[in-house]
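Numbering of residues begins at 1 and proceeds along the displayed sequence.
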Amino acid sequence: MTDTVNTALMKMMDEGFREVRSILASQQETASESRRRLYAKLEEMSGEMLALKSRVDAVERSIEASGPTLAEVRQYQLQVQGAGRLGRFLWWAGGGLLTAAFALYSSRAFIMEFLRRA
């Protein structure tokens with residue numbers, strides 16, 4: 001009877017070990033597949049990061065190259081603002097001169113009379 005019990009226990013232990021080995025093999029296969037996907041994703045992200053770095057470098061070079069042009073444009077903006085102020089002043093001055101000339105012309109008879117009396 002002990003032989004049958006021992007045999008039965010050995011079979012149960014053998015089945016248990018087989019089941020544990022099967023579970024471990026399955027987990028190892030799953031972990032291996034997961035690592036493979038993770039490495040593939042990391043490689044993909046590394047490629048994307050290199051592409052982005054290349055693009056950022058190109059943008060930086062473009063901005064550095066356009067610096068003098070932007071400074072020149074700003075200088076022209078300031079010149080245009082100054083010219084606009086000068087133009088407004090000249091319009092006001094010209095309007096004042098025209099108003100004074102019109103006033104003198106309109107009152108020429110009065111001025112002539114005043115000069116004759118003096």
Side-chain angles (χ1 to χ4, degrees):
M1 174 144 158
T2 19
D3 280 340
T4 53
V5 171
N6 284 340
T7 308
L9 283 174
M10 291 296 275
K11 280 186 179 181
M12 285 175 48
M13 285 176 58
D14 191 40
E15 286 179 31
F17 285 139
R18 269 193 235 130
E19 189 174 327
V20 168
R21 280 189 209 125
S22 172
I23 290 171
L24 287 175
S26 173
Q27 286 180 348
Q28 187 176 10
E29 188 177 310
T30 303
S32 177
E33 177 62 25
S34 176
R35 280 191 303 273
R36 186 191 64 74
R37 280 184 282 152
L38 178 64
Y39 290 138
K41 191 67 173 175
L42 285 173
E43 284 295 320
E44 179 184 336
M45 289 174 65
S46 176
E48 289 174 2
M49 293 292 287
L50 285 174
L52 285 174
K53 183 182 181 322
S54 171
R55 291 178 65 187
V56 167
D57 289 344
V59 168
E60 285 177 347
R61 283 192 303 272
S62 173
I63 288 172
E64 288 172 0
S66 64
T69 304
L70 294 175
E72 188 176 348
V73 166
R74 181 63 184 151
Q75 181 183 355
Y76 288 147
Q77 284 178 336
L78 294 174
Q79 288 176 351
V80 166
Q81 288 174 354
R85 288 185 187 128
L86 177 64
R88 278 192 297 275
F89 172 75
L90 290 177
W91 273 104
W92 279 100
L97 285 175
L98 284 176
T99 303
F102 180 72
L104 285 173
Y105 180 74
S106 298
S107 58
R108 75 180 182 283
F110 177 74
I111 294 172
M112 294 298 260
E113 185 65 31
F114 178 76
L115 290 176
R116 280 188 205 148
R117 286 187 192 171

Checklist entry - How long is the gap from CG on Asp14 to CZ on Arg18, to the nearest 0.5 Å? => result 4.0 Å

Checklist entry - In a check of side-chain contact (heavy atoms from CB on, under 4.5 Å) between Phe17 and each of Glu15, Glu19, Met13, which one passes? => result Met13

Item to check | Spacing of Leu38 atom CG and Glu43 atom CD [to the nearest 0.5 Å] | outcome: 10.5 Å

Next on the checklist: Test your reading of the model: is there a side-chain donor-acceptor pair from Arg55 to the backbone of Leu52, 3.5 Å cut-off?
Outcome noted: no

Checklist entry - Got Tyr39 and Arg36 here, is their nearest side-chain heavy-atom distance under 4.5 Å? => result no

Could you pull out all donor-acceptor pairs under 3.5 Å where a side-chain atom in residues 65-86 meets a protein atom, sequence neighbours excluded?
residue: Ser66; atom: OG; partner: Ser62; partner atom: O; Å: 3.2
residue: Ser66; atom: OG; partner: Ile63; partner atom: O; Å: 3.1
residue: Glu72; atom: OE2; partner: Tyr76; partner atom: OH; Å: 3.0
residue: Arg74; atom: NH1; partner: Gln77; partner atom: OE1; Å: 3.1

Next on the checklist: Quick check on Glu33: does its CD atom have over 12 non-hydrogen neighbours (other residues, nucleotides or ligands) under 6.0 Å away?
Outcome noted: yes

Item to check | Ser32 side chain to Gln28 backbone, donor-acceptor under 3.5 Å | outcome: no

Item to check | Phe114/Arg117 under side-chain contact (heavy atoms from CB on, under 4.5 Å): CA gap, chis, key distance, verdict | outcome: CA-CA 5 Å; Phe114 178 76; Arg117 286 187 192 171; 5.8 Å; no

Checklist entry - Taking atom CG of Leu104 and atom CG of Leu97, what is their separation to the nearest 0.5 Å? => result 10.5 Å

Checklist entry - How far apart are the C-alpha atoms of Arg37 and Ser34, what are their side-chain angles, what is the distance that settles it, and do they pass the side-chain contact (heavy atoms from CB on, under 4.5 Å) test? => result CA-CA 5 Å; Arg37 280 184 282 152; Ser34 176; 4.1 Å; yes

Next on the checklist: Tell me whether Asp57 is salt-bridged to Arg61, with the criterion being a basic N under 4.0 Å from an acidic carboxylate O.
Outcome noted: no

Next on the checklist: Can a donor-acceptor pair be found, under 3.5 Å and without considering hydrogens, that links the side chain of Ser46 to the backbone of Leu42?
Outcome noted: no

Next on the checklist: Hydrophobic clustering (ILVMFWY, side-chain heavy atoms < 4.5 Å, transitive) - are Leu90 and Leu98 grouped together?
Outcome noted: no

